[in-house]
Structure formats: structure tokens, C-alpha cells
Amino acid sequence: MSEAIRKIIIAGGGTAGWITAAALRAGLAANVEILLIESEDIATIGVGEATIPTIRVFNEHVGIDEISFIRATNATFKLGIEFVGWGHEGNRYFHPFGDYGGTHEGIAAHQIWRRLNQAGEVTPLEAYSVGTQLAYAGKFFPPNPDPRSPMHDYSYAFQFDAGLYARFLREHCEKRGVSRINAKITGVNLRSENGYIDSLTLDDGRFEAADLFIDCTGFRALLLGEALGVPFVDWSKWLPVDRAWAVATSKPASPHMTPFTRSTALEAGWQWRIPLQHRTGNGHVFCSSYIDEQAALDTLLQNLDAPPLKEPRLLRFKTGHRQVYWEKNCVAIGLSTGFLEPLESTSINFIQNSAVRLLELFPSKRIDPYLRDEYNLRNQGSYDFVRDFIIAHYCLNDRSGELWRYCANMPIPDDLQWKLELYKRRGEVLVRKFDHFHEPSWISIYHGHGLRAEAYDPLADRIPLEGLSEIMRKRRDQIRQLVAKLPRHEDFIAKHCASEAALPNPHGCRSISASA
């Protein structure tokens, strides 16, 4: 039997490094040493302030209390993403974390809606989404796990300070035995016999050896890219945005904290708005081929709803990924694997999925090529399907402007083209294995961008039109009554989990649970 791994070095801290440390510490035996090396002189990117609901599963897996996490990171709740101006100018739609209703005798809710719509029913599809209606009403309450409850068909994620999350995770990991060295890595030393990484040289002259190395060094990919020579695969032809200005602003004058992230389409890119308890995160993601950096900054500053708290920061990037994510005895996690713009808040989800997959396929000192190749296959699937999900936002558009015309006319990946055609013909939604998004998410993007199915599922003809109309009317009325009685987002936070940064004398935190 192969010798077990006894020591792991995580090169780099920040969100990626400490998420990885938390996952490995929770999943591995206590006698496996985990050492994280980071330099406080190297700034982290920290663009991942919004997430998708899987973060709740991850936090629970590594033993993080939700209330403590919310307070420590100044988090707010996120029911989805509002898209303004996407598809065509003046358009507005919502991508909720949740469904549009259950199935009825095997018929999906969106297929019922399509049949009613073709018969002249004008109620929008969004009226049947609990998450969407809660978000637009500025309300929040946790969903009920009971599938019979009207509060079951939605989920939530968080909007938070990524720097504070990394700090919170560091404290969590160090309490559980993860070691940390504050130092810069100045060299990566390879074994002459097989090219595996043997040790890292630190700026104080020390050498740190390990059995397995995790590259969390960001865009530089010091271990996987520079030392092991794994090339970068460029996806700019499909996702040409390559810059982002980011700036935090003070809380706006309105006391209301929207329980969602907003993405607003602009001339050569888009702008994000992420409300936290103590401030608002803002950014302008743009393509430098169609607008210069100064004009992009001016656009961002003109669209802020509160004064900036510090100078805006420019991030330059290239969309794409490393050819493989695990090479020899090195696994890359985070920005060292590649980058997809944060349009659908997948950055932190990629990190958490990568760390969990490593645990699922954890090797011995003698790296099994089948485990390595399966890990690379699964990670590639994630990258491909999130890439296509983001491309769909761009290619399904009728906006003016050079960037948008390019995206509307560019050749797209074959699998995405197949998905679009399948939906266009009969509203069929194809979700592949390792996709980060389920059927309702794809429906919201297709529908929000104006893609309509030419026909509906013929199973919907089995129930008389009047019966379908009554089913949907009951759901619509149920949602309306539910939304009316639930608390506002900011009131729920103030009562249960206000952070000290947001309120001088916050209420004592109480457990979060659903009762409806």
C-alpha cells in the first residue's frame, strides 16, 4: 500500500488559501500537517464579495456557525441577482435562487406558464418565483426545509467582505491546528528524478518541504504555472472583458439593504453593486478594446449612489484557465487555476468545489494518475459549463455598442449552441454534470434575455387550460400573501445578526430558522 501523505503546504493565503485550509483540516486525519505560507506584504484580489447558495453547505461542512460568520464578515443575505439593461436597453430581470413552482403530474411549472402564455395569459413568469418577489419587496426570511411549505421553493447565499471572510477562516483554521508562516516564497525546488515539487524557499532562507503542494498564489500561479510550466488556455474570444475597476462606498442614505446583487449592463461591460451591512461594493467590469481605463473609471464613479471610501483599484485579467489543475504533486486552487468574470458570483464557489474535490480524490505520496486525471476532468467540466452560462448572458443580446455587437455575432461553444436550440424549440433545459447552476437558473437567463420556446411540453395538454390557470393562480396568490407578512431584509438582520461595524449597539444574535 502506498505511503500516506503526512504534510501539505498551501502556498498563498487570502480567500483561496484559507478556504482550502478549512476544507482539508475538516476532511483529513488530525496527524496530517497543514502549513499555509503567505506574505502580509502581498495584497489579495478580493473580488468575491457575492456568492451562490452552495457556500452555506461548505460553511456547515467545515464547522462554521452561520450567525458568527454573518457578523464577522458584515454579511447580508442574497436571494439572487438583478440584471439591468442586459439583453436589450431598458430590460430588467431577476435570476433567483429558486424554482418557479413544482411539477404537476409530471409537468414543469415553466411549461405550464408557457402554455398559459400562448393562450393569452399575461402574468409574467417572475410572479411565480418566491425568491424574486421577496427580493423586489426587500424582504428576507430563511426558507422552510419542508417541501410542503410555500417557503420551500427558494434558497439564499451571502454578500460579504471577502477580506474579513479570509481573516475569519484563518482564525477558524488556526484554532484547529493549521500552521501559518508569514513569508514570501522566493523559489520552488523540483526533484531531479521526476520533476515533483520537493520544497519551497522562503525569503528568510528557510526551506519548507511537503508531500503535496496547493498553489493559491493568484494569477501568477507560481507553482503550477511558473515552476511546473502548465500553460494558460485563453478564452478571450468568447469572454473579451479584461479589466475591472473596484471601489467601496459608504452605505447609501436609504436604510434599505437590497437582498440581492445588481449587475447593470454598460457601453463596454457591466457594473456590479453588492450591499453589505457596513458599506457597498461596486465595480465596473469592461473590455479595454472598446473603452479606455480612464473612461471606464469615470463611468463607474458617475454611477455610484454614495461617496467612495477609498481610491478605486484597477484589476487586469485574462479570461481562461490552466490546461490542467493538478500536475505531479501540485494542485492549483483559486485564481492560480484561471479566471472567469464575477458576473454570476462563482469565484468563491470554484474555490470551495476544488477543495472538496481534492478531498474526494485525495492521493497518497505516489500520485495515482487516475485520481489526478479525474480531478482535472471534473474541474474542467465546472469551468466549461460556467463559461457557457456566462457567455449566454452576452450572446443573447440586442444592445448597441461594439462589444455587444461582437458578442451577439461571435461563434459560441457547440454545447452552448445545442442548449440554446433545445430550449428554443420546446423549453427543454439541459444541465450537464458538474454544472454549478440548475434548471431554474438557466430558465431565468434564457427568459430574461427574451429567448422564448416555440412550443411547450405536450404533456401540458393533459390538464385542461382552466385547471392549469387555477394551479398557477393559487401559487401566485400564495406568494403574494407570504411576501406581505415577512420582515424587511434590514429588519431581519438587525434582529438576528447585525455586525458591530453596522450598528454601534447591535441586538443579541438569535438563531436563524424558518417557521412558516
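Start at 1 with the first residue, then count along the sequence. All values derive from a computational prediction rather than experimental measurement.
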For the pair [X] and [Y], name the ring-plane relationship: parallel under 30°, tilted 30 to 60°, perpendicular over 60°.
X      : Y      : result
Phe83  : Trp86  : perpendicular
Tyr156 : Phe158 : perpendicular
Phe317 : Phe339 : tilted
Phe389 : His393 : perpendicular
Trp404 : Tyr394 : parallel
Phe492 : Phe141 : perpendicular

Can you check whether [X] reaches [Y] side chain to side chain, under 4.5 Å on heavy atoms?
X      : Y      : value
Trp326 : Leu358 : yes
Leu239 : Leu340 : yes
His489 : His256 : no
Asp415 : Arg432 : yes
Ile55  : Phe160 : yes
Ser400 : Glu89  : yes
Asn353 : Arg378 : no
Leu315 : Phe219 : yes

Around atom [atom1] of [X], are there more than 12 heavy atoms of other residues, nucleotides or ligands at under 6.0 Å?
X      : atom1 : value
Arg488 : CZ    : yes
Glu60  : CD    : no
Asp414 : CG    : no

Just jot down the side chain to side chain donor-acceptor pair (under 3.5 Å) partners of [X], sequence neighbours excluded, or say none.
X      : result
Asp398 : none
Gln111 : none
His449 : Tyr93

Taking only residues two or more places apart in sequence, or in another chain, which ones meet [X] in a salt bridge (Lys or Arg N to Asp or Glu O under 4.0 Å)?
X      : result
Glu421 : Arg425
Arg357 : none
Arg462 : Glu105
Arg452 : none

Quick one: do [X] and [Y] make a salt bridge, cutoff under 4.0 Å?
X      : Y      : result
Asp461 : Arg115 : yes
Arg475 : Asp153 : yes
Lys251 : Glu490 : no
Arg387 : Asp384 : yes

Sequence-distant partners of [X], side-chain contact (heavy atoms from CB on, under 4.5 Å), two or more places apart:
X      : result
Ala11  : Ile185, Leu200, Thr217, Leu223
Val356 : Phe58, Glu360
Lys237 : Tyr406
Ala453 : Arg114

Which is it for Arg243 and Ser288 under the side chain to side chain contact (heavy atoms under 4.5 Å, CB included) test, yes or no, and what are the steps along the way? CA-CA 7 Å; Arg243 302 282 193 279; Ser288 61; 3.9 Å; yes
Strictly distance-based, threshold 3.5 Å: is any side-chain N or O of [X] a donor or acceptor partner for the main-chain N or O of [Y]?
X      : Y      : value
Trp238 : Pro411 : yes
Asn144 : His152 : no
Thr20  : Ala16  : yes
Tyr375 : Ser354 : yes
Thr132 : Glu126 : no
Lys78  : Gln159 : no
Asn282 : Thr280 : yes
Gln323 : Phe232 : no
Arg322 : Val230 : yes
Glu344 : Thr346 : no

Quiz question: by atom type and distance under 3.5 Å, do the side chains of Trp272 and Glu49 form a donor-acceptor pair?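 No, because no side-chain N or O of Trp272 sits under 3.5 Å from a partner of the opposite role on Glu49.
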query = Do Ser149 and Asp146 get their side chains close enough for a donor-acceptor pair, meaning under 3.5 Å?
reply =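 On atom types as modelled, these side chains do not qualify, holding no pair under 3.5 Å.
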Exactly one candidate in Asp161, Thr73, Asn74 meets side-chain hydrogen bond (donor to acceptor under 3.5 Å, both in side chains) with Ser499; the answer is Asn74
Member of Thr15, Thr51, Asn59 meeting the side-chain hydrogen bond (donor to acceptor under 3.5 Å, both in side chains) criterion with Tyr165:
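Among the candidates, only Asn59 passes.
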**Asked** What's the verdict on side chain to side chain contact (heavy atoms under 4.5 Å, CB included) for Val386 and Asn349, showing C-alpha distance, side-chain angles and the deciding distance?
**Response** CA-CA 11 Å; Val386 173; Asn349 185 238; over 6 Å; no
_Among His436, Lys419, Lys433, Gln380, side chain to side chain contact (heavy atoms under 4.5 Å, CB included) partner for Phe385_ =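 Passing option: Lys419.
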Practice prompt. Begin with the C-alpha distance, continue with both residues' side-chain angles, and end with the deciding distance and a verdict on side chain to side chain contact (heavy atoms under 4.5 Å, CB included) for Tyr100 and Ser444.
Written response: CA-CA 10 Å; Tyr100 296 93; Ser444 71; 3.2 Å; yes
In terms of heavy-atom contacts, Phe168 and Ala72 come closest through CD1-CB, 3.4 Å
Phe94: ring pair (Phe, Tyr, Trp, His ring centres under 6.0 Å) partners, not counting sequence neighbours: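 Residues passing ring pair (Phe, Tyr, Trp, His ring centres under 6.0 Å) with Phe94: Tyr136, Phe260.
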Looking at CD1 of Ile391 and CG of Leu396, how far apart are the two atoms once the value is rounded to the nearest 0.5 Å?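 Rounded to the nearest 0.5 Å, the CD1-CG separation comes out at 11.0 Å.
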Checklist entry - Stepwise, does the side chain to side chain contact (heavy atoms under 4.5 Å, CB included) test hold for Tyr423 with Val429? => result CA-CA 6 Å; Tyr423 185 82; Val429 180; 3.8 Å; yes
